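Comments concern the structure below.
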Amino acid sequence: MHHSFKLLLLLGILIAQKAISQDFIPAYDRFSGKEPSYIHLEDGSKIEGTLEDLDRRKGLIQEITIKDANGKKIKLKPEQIKSMYLMPSGFSKLSTNMDVGTKVKKWDAQYIDSEIIKKGYAYFEKAKVVIKKDQEMLLMQLLNPGFNSKIKVFHDPFAAETMRVGVGGFTMAGGDDKSYYVQVGDFPAKKLKKKEYEDEIKVMYSSCPSLVKKIGEKLRWAEFSQHVYEFTFECQ
């Protein structure tokens, strides 16, 4: 077999394996000021425009400034926003575009626009989150927009990532985050740390004993996204 053909065949197998695995969308912290942003407000209205500014405090969004089609700048507080789609800046957009289409085989969230997500957008929604002992309504990036009907997994802006890449004008959170904010059903989202996962699987997947058994036999934090996907679609 010709060497280059063998290489292509191997590459094809690797791509096929990647397409089969279900993964979270990467967490981003920088967004494009050129591509359109889509904001859905609590009053039912929508704003489409370009991102002018994104103010944060300790990773949490404090204020967003959008420039609409007429050039008017609109300042928004998180409490005014129900959900939003923001395009990651620079290289991060390219890396997402290459694989986000393969990451979602099924789509169970009718209220999230899958076509916008497949273009590489990050999706944020309002969520009740437990911060220390208090509950706060925060705008959080949802990392599993395609399979979130039972468990929602949000980016932890305070997470200690094992890898952090910075190139030019963007920074992308690493793939093996040490913690996420996880919302099971209608309960508030709580921080889930890597070291706590083993203790939490019986609670998180309580309605699917077979999955609890399977995960317990070979616990891998790196497969957390696959576990959530299986719980969503394969445990009826």
Side-chain angles (χ1 to χ4, degrees), residues 18-19 21-42 44-56 59-69 74 76 78 80-127 138-149 151-157 159 161 165-175 177 180-181 183 189 225 228-229 232:
K18 185 173 176 59
S21 71
Q22 292 304 310
D23 207 350
F24 296 141
I25 283 173
Y28 297 106
D29 64 6
R30 297 194 186 202
F31 302 93
S32 172
K34 296 175 184 176
E35 301 286 340
S37 296
Y38 306 97
I39 315 284
H40 296 245
L41 300 181
E42 287 286 5
S45 61
K46 297 177 185 178
I47 296 173
E48 181 178 333
T50 52
L51 187 67
E52 279 283 304
D53 195 19
L54 190 63
D55 291 336
R56 289 196 186 90
L60 298 172
I61 294 168
Q62 298 291 300
E63 188 178 76
I64 295 156
T65 307
I66 294 287
K67 187 192 282 186
D68 69 11
I74 304 164
L76 297 165
Q80 296 172 268
I81 300 169
K82 187 176 184 181
S83 62
M84 64 182 181
Y85 302 84
L86 301 179
M87 176 63 84
S89 63
F91 176 81
S92 49
K93 172 191 167 185
L94 294 174
S95 63
T96 306
N97 267 337
M98 284 188 286
D99 62 8
V100 76
T102 66
K103 284 183 176 181
V104 182
K105 292 200 294 266
K106 298 179 182 178
W107 195 270
D108 71 335
Q110 300 306 313
Y111 68 97
I112 298 174
D113 192 324
S114 61
E115 292 308 309
I116 293 180
I117 298 294
K118 285 175 184 174
K119 287 177 184 175
Y121 276 80
Y123 172 78
F124 291 77
E125 71 178 35
K126 191 78 68 56
L138 302 172
L139 265 175
M140 306 285 279
Q141 187 189 344
L142 183 68
L143 302 182
N144 62 328
F147 50 104
N148 67 72
S149 57
I151 293 176
K152 292 181 177 183
V153 181
F154 298 102
H155 170 49
D156 175 7
E161 295 96 1
V165 183
V167 177
F170 91 98
T171 308
M172 186 172 76
D177 285 358
Y180 299 96
Y181 276 93
Q183 182 180 356
S225 59
V228 175
Y229 181 86
T232 305

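Bear in mind the structure is a predicted one, so any value in this text is a computation, not a measurement.
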From CG (Leu41) to NZ (Lys46), nearest 0.5 Å: 11.0 Å
Donor-acceptor contact below 3.5 Å, side chain Gln141 vs main chain Pro26: yes
Nearest heavy-atom neighbours spanning Ile66 and Gly49: CG2-CA, 3.8 Å
Gap between atom NZ of Lys82 and atom OH of Tyr111 - 0.5 Å precision: 9.5 Å
Audit row: Met84, Ile64, side chain to side chain contact (heavy atoms under 4.5 Å, CB included) steps and yes/no: CA-CA 11 Å; Met84 64 182 181; Ile64 295 156; 3.5 Å; yes
Spacing of Ile117 atom CD1 and Ile25 atom CD1 [to the nearest 0.5 Å]: 5.0 Å
With Tyr123 via side chain to side chain donor-acceptor pair (under 3.5 Å) - residues at least two apart: Glu125
From Leu51 atom CG to Phe31 atom CZ, the distance as rounded to the nearest 0.5 Å: 8.5 Å
Nearest heavy-atom neighbours spanning Thr50 and Gly33: CB-O, 3.5 Å
By side-chain contact (heavy atoms from CB on, under 4.5 Å) - contacts of Ser225 (at least two apart): Asp23, Phe24
Sub-4.5 Å side-chain heavy-atom contact between Asn148 and Ile112: yes
Partners passing side chain to side chain donor-acceptor pair (under 3.5 Å) against Gln183 (at least two apart in sequence or in another chain): none
Contact check, side chains of Thr65 and Ile74, non-hydrogen atoms, under 4.5 Å: no
Sub-4.5 Å side-chain heavy-atom contact between Asn144 and Thr232: no
Considering all heavy atoms, the nearest Glu35-Ser32 contact: N-OG, 3.0 Å
Rounded distance (nearest 0.5 Å) linking atom CD of Gln62 with atom CG of Leu54: 10.0 Å
Shortest non-hydrogen contact between Leu86 and Pro88, atoms and distance: O-CD, 3.5 Å
Heavy-atom pair of closest approach, residues Tyr180 and Asp156: CA-CB, 4.0 Å
Chi angles and distances behind the side chain to side chain contact (heavy atoms under 4.5 Å, CB included) call for Phe124, Ile61: CA-CA 10 Å; Phe124 291 77; Ile61 294 168; 3.8 Å; yes
Inter-residue atom distance Met140.CE - Ser83.OG, 0.5 Å rounding: 15.0 Å
For Phe154, all residues meeting ring-ring contact (aromatic ring centres under 6.0 Å, His included), sequence neighbours excluded: none
Heavy-atom check, side chain of Pro36 versus side chain of Tyr121, under 4.5 Å: yes
With sequence neighbours excluded, residues passing salt bridge (charged side-chain N to carboxylate O under 4.0 Å, His left out) with Lys126: Glu42
Heavy-atom check, side chain of His155 versus side chain of Asp29, under 4.5 Å: no
Nearest heavy atoms of Pro157 and Leu60, plus distance in Å: CG-CD2, 3.8 Å
